[in-house]
Every structure is written in C-alpha cells, then in structure tokens.
Amino acid sequence: MSRWKDIYQSKLVSAAEAVKCIKSHDRVVVGFACGEPQVLVEAMVHRAGELEDVEVDHMIAVGPSKYCLPENERSFRHRSLFIGPGSRKAVNEGRADYVPIFFYQVPRLFRDGFYPVDVCLMQVSPPNKNGYCSMGVSADYSIAAMEAAKILIAEVNPRMPKTYGPRMFHVSEFDHLVEVDYPILAFPRAKVGDKEKKIAEYVASLVDDGATLQMGIGSVPEGVASLLTGKENLAVHSEMLADWCVDLIEAGALTGSLKTMHRHKIVSTFAMGTQELYDAMDDNPTFEMWPVDYVNDSTIIAQQHKMISINSALQVDLQGQICADSIGPQLYSGVGGQVDFIRGAANCPGGKSIIALNATAKQGTISKIVPLLDLGSSVTASRNEVHYVVTEFGIADLRYKTVRERGEALIEIAHPDFRADLRKTLYAQYPGYARYRERIASAQVSD
Ligand code: COA
C-alpha cells in the first residue's frame with residue numbers, strides 16, 4: 001500500500017468527531033455554494049447547545065444553512081460574502097452579517113489574515129492514485145481558506161467531480177477527513193420564457209464568433225446559449241459554470257481555439273448546475289477550476305479574446321447605475337464578480353459588458369428601469385463602468401454617453417407602459433433636456 005493511503009486512513013474520522021475541535025468564538029469557513037460540505041455543517045450545527053458565537057463565513061448559502069436559524073442565533077453568527085436563499089432572512093433580520101466585496105478580493109480576506117481562519121470545512125473529490133484530492137466544483141476562495149486554516153477538515157465525496165486546476169490538496173495536508181456519499185447540491189435548468197427569449201436575442205446579437213463568455217445561471221444565460229450554438233470557436237472564462245456550457249460544447253460552438261490564455265480550456269472558479277454539468281466536468285481536463293483571485297482578476301479578464309460578460313440587475317437608474325444586490329434596504333444577494341467582469345471586459349480589445357434584465361418585475365407592475373434607485377439600494381456597478389444594458393425591448397449602449405443620453409437610451413428600452421412617466425421625471429429634473437430634444441427634433445423635421 002502506498003504511504004499516502006496510510007496517511008489517508010489515519011485521518012479518517014466521523015463528522016461528529018471532526019467538528020469537536022470547533023470552539024466558541026472560532027471563525028469557521030465553509031465551502032462555497034454547491035461545494036458546501038453538508039454533513040460537516042450539519043454536525044457543527046448539532047453542537048449548537050455547546051457553542052457560543054461561532055462565526056460562520058460562507059458565500060452563497062444554498063444548502064439548509066441551519067446555522068442561520070433563529071434558534072441558533074446565540075451559537076452561530078453567519079458572515080455572508082454573498083447572500084443565498086439560506087441566509088437572506090437571517091441577514092435581513094440582523095441575525096447574520098453581510099460583507100459587500102468584489103469576488104476577486106475574497107481570498108485575500110483569509111490569505112492576508114484579515115479574517116484569520118480557525119477551522120475550515122470543505123468538500124473534495126477522493127484522492128487520485130498519488131493521494132491528491134481535487135477542488136471539485138469549487139476553487140473560488142476555498143483554496144485560500146484551506147491554506148490559511150489552523151485546522152483543515154474535508155468531506156471526501158465520490159460524487160464530487162474530479163476537476164483539474166493549479167492546486168490539489170495532498171491527503172497529508174488535511175487534519176481530518178470524513179468519508180461521505182451524497183449528491184452534490186444541484187440546480188435544475190431554468191425555463192426560458194418569451195421575455196427572456198427576446199432578451200437573449202438582443203444579447204446574442206452582440207456576441208461574435210471567437211468571443212470568450214462569462215455568464216451565470218438562469219433563463220437568460222440558457223436562452224443566450226441556445227442562440228449561440230451556430231457560432232464558431234467560442235470560449236469560456238467565467239467565474240461560474242452552468243449547464244449552458246455543456247450545450248455549447250455539444251453543439252461544437254465552444255472550442256476555445258482562439259483563446260489568448262488557457263487555449264482550448266474552459267476556465268472557471270465554481271460550478272452550479274445539474275448533475276449533467278458535474279458529470280461533464282468529471283475527470284475532464286478541458287475544465288480548469290482556478291482560484292477566484294485569478295479568474296476574476298480584471299487584468300486577466302481583459303487579456304481574453306473578445307471578452308463578453310453577461311450579468312443581471314434588480315434596478316437600473318436613468319444614469320446607468322446598476323443595483324444588483326439589494327432591493328431598497330433589503331439585502332438580496334451580493335456583488336459577486338459582476339464588477340470584476342464589467343471592468344475586465346471594458347478593458348479588453350473587442351470586449352463588451354452586458355447587463356441583461358427584464359424591463360419589469362412583480363408581474364409587470366413595476367419598472368426595473370427607474371429615475372432613481374430605491375432609497376437604501378446599493379450601487380453594485382457604477383455608471384462610469386456600465387456598457388450595454390439589454391431588456392426585452394432592446395439594447396442601450398451607455399458607454400461614453402452623457403447623463404442625458406443615457407437617460408434617453410434607457411427610457412427607449414423600458415417597458416412602454418412606464419416610458420412616459422420616466423421621461424416626465426427626467427425632464428422635470430433637467431428641463432433643458434426637453435428643450436434640447438424639441439430643438440433637435442424640429443431641426444430634423446425642417447431638414
Ligand atoms: N423591485 C422589487 N423587487 C424586484 C425587483 C425590483 N426592481 N427586481 C426583482 N425583484 C424581485 C423579483 O420579483 C424576485 O422576487 P421573487 O423571488 O419573490 O419572485 C427577486 O427580486 C429576484 O429577481 P429576479 O429578477 O428573478 O433575479 P435573478 O434571480 O434573475 O437575479 C440578480 C438577479 C441581480 C439578483 C443576480 O443576478 C445577482 O445577484 N447578481 C449580482 C452578482 C453577479 O452579477 N454575479 C455575477 C454572475 S455569476
């Protein structure tokens with residue numbers, strides 16, 4: 001038997017045994033989103049009665065997130081680096097905290113000692129023949145937290161895809177290992193409705209052959225991908241991978257052959273999708289999972305070939321300020337990599353950044369294009385950086401436009417029911433805009 005196998009055996013414990021090392025007031029970092037080590041988290045929460053104010057640092061809580069439940073308020077204090085469905089209520093009731101932060105900076109919190117890591121709970125794939133475990137669906141901040149942790153504990157799950165990337169962990173690097181066998185957290189594919197089809201058509205019209213894509217999850221990315229299957233030599237450099245990626249590979253549209261870096265590779269930092277996506281990634285050297293401070297570094301993004309970033313928003317004001325992480329003062333999600341990619345795409349020759357959103361929310365009763373962001377909203381992406389905004393009514397190209405031109409371009413892509421009010425508000429605020437518009441219109445008529 002190879003030596004690593006002895007080491008592996010010597011580290012194996014039960015989940016209950018592994019989490020005994022967690023003490024009151026410790027900081028515990030938990031594996032990101034779908035990489036969450038659910039059995040270890042459950043075992044930690046099981047100790048709620050013995051613990052006080054353990055800080056749980058986590059990003060995109062999509063699992064049961066029981067450390068966020070009101071009955072565990074005294075035992076655990078969650079620090080969210082991107083709010084997920086499991087943490088939204090706790091954050092908005094003040095039982096948990098939210099850190100607004102660009103995704104590329106998150107590893108720095110742990111690596112540079114801003115948030116010293118007492119215990120790190122992760123999930124990895126089983127060791128390969130040389131005793132190295134891969135990061136599976138999640139490299140993001142996980143690598144930095146694992147390296148910084150005083151105590152490193154990981155679940156070893158045979159269902160975690162074996163993925164490639166710059167860093168794998170040898171079994172000797174873990175303090176404890178816990179064998180588990182359960183399906184990785186998965187997300188079903190989104191249905192593409194009529195509005196999203198229209199948005200996707202506009203977005204797809206901005207994508208050239210050979211472009212490098214960044215997209216997230218949901219109906220717009222699904223719709224866009226379905227319209228890109230006839231393209232040639234697309235590539236992916238995206239913080240997130242979802243099922244659209246598999247569709248593009250299968251269609252032969254995604255080859256990465258024109259990539260300037262990592263030619264032929266699909267580079268990402270985390271995956272969130274169906275089992276089909278995870279199966280496609282398993283033991284597939286085409287996929288590389290890199291830490292987020294590399295993938296989301298805007299200088300790296302800017303070097304990609306024709307970088308196209310496609311993200312979404314909750315509200316856009318008439319100056320082009322993007323709110324994507326709050327609804328008024330209600331904290332909704334997070335900054336994530338939106339700004340990292342907007343910035344990178346803007347600095348990439350031939351690059352484009354796109355914010356794609358439905359023109360309305362709440363069954364068409366409210367416009368997402370608004371004169372002013374709701375009181376208490378955060379500005380996720382600044383008006384200085386936003387380029388294309390796309391709705392089901394068209395494309396507004398905001399880059400280098402004046403405040404007046406931005407407002408007018410955005411009104412053109414608002415839902416028709418809201419355009420008159422938006423115009424009225426804009427012109428009431430800046431009466432000279434209306435006079436100028438009339439002058440230009442009458443000059444055009446007399447031409
Ligand atoms: N006013 C009030 N409520 C609004 C609203 C608005 N302007 N816009 C949306 N909502 C509500 C919706 O009705 C929906 O509520 P429901 O869940 O009760 O139905 C909810 O907010 C979510 O809206 P939706 O448009 O479905 O959001 P989404 O799931 O498409 O996500 C973002 C959009 C902006 C929240 C998401 O893309 C995000 O978090 N982005 C920031 C991070 C990022 O871009 N990262 C890079 C991509 S990986």
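For ligands, and for the atoms within them, numbers begin at 1 and follow the listed sequence. Reckoned from all heavy atoms, side chains included, excluding hydrogens, waters and symmetry mates. For clarity, every value in this text was computed on a predicted model and none was experimentally measured.
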**Prompt:** Checking R343 against Y104: charged group under 6.0 Å from the ring centre and within 45 degrees of the axis?
**Reply:** no

**Prompt:** Would the F103 and F32 ring centres measure less than 6.0 Å apart?
**Reply:** yes

**Prompt:** Near ligand 1, which residues have a heavy atom under 4.0 Å away from one of its atoms?
**Reply:** F82, Q214, E239, M240, N311, S312, A313, L314, Q315, A324, I327, Y332, S333, G334, V335, G337, Q338, A361, K362, I366, K368

**Request:** Identify, with sequence neighbours excluded, every residue that meets side chain to side chain contact (heavy atoms under 4.5 Å, CB included) alongside S205.
**Result:** I395

**Request:** Look at the side chain of D26 and the backbone N and O of V28, then say whether any donor-acceptor pair between them is shorter than 3.5 Å.
**Result:** no

**Message:** Checking A313 now: which residues fulfil side chain to side chain contact (heavy atoms under 4.5 Å, CB included) with it, not counting sequence neighbours?
**Reply:** V316, I322, I355, L357

**Request:** Tell me, please, which residues at least two apart from K265 pass side chain to side chain contact (heavy atoms under 4.5 Å, CB included).
**Result:** H262, V267, P285, E288

